[in-house]
Amino acid sequence: MNIIFLGPPGAGKGTQAVRVCEALKIPQISTGDILRAAIREGTETGLKAKSYMDAGQLVPDEILVDIVRDRLAQSDCANGYILDGFPRTVPQAEALEGIARIDVVLELQVEDEKIVSRLSGRRVCPACGGTYHVSLLGGRTSCEKCGGELIQRKDDAPETVQNRLKVYHEQTQPLVDYYQGKGKLKAVDGDLGLDKVYAQIMEILGAHA
Ligand code: AMP
């Protein structure tokens, strides 16, 4: 099954995608992770993307479409995948039509106020991608899974979070109507707690299997 996870930054797309991908044995394709790896490795794509990402802006569509086309051509995508963070604009969704056949688009719905508190309290492990919220860390500063030192993503700073939400509403939310019009959209309440959100997602995907 070829699946898209849609929703504002901090809606839990990444966290849920990791779990669902493990259960379905398909790869999670996070364009944000791919771009952050490119920045760490100092590639040309990374150099181009960095200033946009730091400011909470979207990286130009052409760059993203090339990344996703290359990634979906790899053999591990043959039995399905979850696209996490792509498409984020209508032109990206239109380009995707020429690259892949999407079965279902899951929209994780979370209100803006919740997003601000989730993102400003988010801490991530750069080594393994683990994600935490400060309120649940009890003062811990290292990753539970691999021991890596946790950091705050630069684009999770409060000013940048507001900008990312604005960008989401202006450029990405139109995809809700886009996929609704294609009969592919399924909404999930992203504010029910990790296990309930996961259960809702698996129920929807079960119905599509
Ligand atoms: P994420 O980890 O999904 O929150 O993405 C972090 C940042 O990477 C975003 O704020 C954008 O700057 C960039 N990015 C990730 N995916 C895309 C995309 N599909 N289109 C444009 N920019 C993207």
Side-chain angles (χ1 to χ4, degrees), residues 2-18 20-21 27-41 43-72 81-100 102 105-108 110 112 114-116 118-133 150-176 178-179 190:
N2 302 335
I3 305 160
I4 290 173
F5 275 17
L6 188 64
K13 299 188 297 295
T15 307
Q16 294 294 339
V18 167
V20 175
C21 282
Q28 172 203 10
I29 300 173
S30 156
T31 45
D33 285 350
I34 293 173
L35 289 167
R36 280 184 287 277
I39 292 175
R40 276 199 303 278
E41 288 157 17
T43 67
E44 201 183 318
T45 302
L47 289 175
K48 282 189 201 151
K50 188 174 186 317
S51 57
Y52 295 100
M53 291 175 75
D54 285 350
Q57 298 291 350
L58 295 185
V59 175
D61 289 338
E62 319 76 81
I63 297 179
L64 268 297
V65 171
D66 284 347
I67 288 175
V68 170
R69 186 184 293 109
D70 289 351
R71 182 66 189 86
L72 296 186
Y81 44 81
I82 292 181
L83 281 172
D84 160 13
F86 182 94
R88 258 180 158 100
T89 64
V90 172
Q92 288 181 17
E94 287 168 349
L96 184 62
E97 306 269 342
I99 303 173
I102 297 301
V105 179
L106 281 161
E107 184 208 357
L108 268 75
V110 179
D112 283 8
K114 299 257 169 66
I115 295 290
V116 174
R118 281 190 189 191
L119 289 184
S120 45
R122 178 160 75 176
R123 297 294 179 271
V124 295
C125 172
C128 77
T131 303
Y132 303 86
H133 194 275
L150 300 178
I151 58 155
Q152 179 171 40
R153 268 171 53 173
K154 207 168 176 180
D155 59 350
D156 281 346
E159 327 74 77
T160 316
V161 166
Q162 292 295 348
N163 198 31
R164 287 163 71 201
L165 268 173
K166 186 165 170 275
V167 166
Y168 176 76
H169 289 303
E170 288 173 3
Q171 304 196 53
T172 308
Q173 213 165 16
L175 292 176
V176 170
Y178 180 92
Y179 285 115

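Reckoned from all heavy atoms, side chains included, excluding hydrogens, waters and symmetry mates. First listed ligand is number 1; within each ligand, the first listed atom is number 1.
- When all heavy atoms of Phe5 and Ile3 are compared, the pair lying nearest together is CE1-CG2, 3.8 Å.
- No side-chain donor-acceptor contact under 3.5 Å links Lys114 to the backbone of Ala11.
- If you look at Arg153 next to ligand 1, the close heavy atoms, those under 4.0 Å, all belong to the side chain.
- Here's the thing with Pro87: none of its N/O atoms is less than 3.5 angstrom from an N/O atom of ligand 1.
- Contacts of Arg164 with ligand 1, taken as heavy-atom pairs under 4.0 Å, involve the side chain alone.
- Separation of atoms CD (Gln92) and CG (Asp61) is listed at 4.5 Å; rounding is to 0.5 Å.
- Atom 5 (O) of ligand 1 has as its closest protein heavy atom Arg88 NH2, 3.5 Å.
- Remark: minimum distance from atom 20 (N) of ligand 1 to any protein heavy atom is reached at Gln92 NE2, 2.9 Å.
- Of the candidates Asp84, Thr89, Leu64, Ile34, Leu64 brings a heavy atom nearest to atom 18 (C) of ligand 1.
- No N or O atom of Tyr52 sits closer than 3.5 Å to an N or O atom of ligand 1.
- Residue contacts with ligand 1: Arg36 is included, with a non-hydrogen atom under 4.0 Å away.
- A donor-acceptor pair is defined here as one N or O able to donate and one able to accept, closer than 3.5 Å; such a pair exists between the side chain of Arg118 and the backbone of Gly10.
- Of the heavy atoms in Leu35, only side-chain atoms (C-beta onward) come closer than 4.0 Å to ligand 1.
- When hydrogens are left out, the protein atom nearest atom 22 (N) of ligand 1 is Val59 N, 3.1 Å; that is the closest non-hydrogen contact.
- A side-chain donor-acceptor contact under 3.5 Å links Thr31 to the backbone of Gly85.
- For Phe86, no nitrogen or oxygen atom sits less than 3.5 Å from a nitrogen or oxygen atom of ligand 1, counting backbone and side chain alike.
- Proximity of Leu58 to ligand 1, defined as any heavy-atom pair under 4.0 Å, is shared by backbone and side chain alike.
- A donor-acceptor pair under 3.5 Å is absent between the side-chain atoms of Arg122 and the main chain of Thr131, judged by distance alone.
- In terms of heavy atoms, Met53 sits closest to Asp155 at O-CB, 3.6 Å.
- Of all atoms in ligand 1, numbered sequentially from 1 with element shown, those under 4.0 Å from a heavy atom of Gln57 are 11 (C), 12 (O).
- The distance from the CG atom of Leu64 to the CD1 atom of Ile34 is 9.0 Å, given to the nearest 0.5 Å.
- Asp156 and Arg164 are joined by a salt bridge, as a carboxylate oxygen and a charged side-chain nitrogen come within less than 4.0 angstrom of each other.
- In terms of protein heavy-atom proximity, atom 7 (C) of ligand 1 is nearest to Met53 CE, 3.7 Å.
- Formation of a donor-acceptor pair under 3.5 Å by the Asp54 side chain with backbone atoms of Lys154 is not found in this model.
- Interface of Thr31 with ligand 1, defined as ligand atoms under 4.0 Å from a residue heavy atom, comprises 15 (C), 16 (N), 17 (C), 19 (N).
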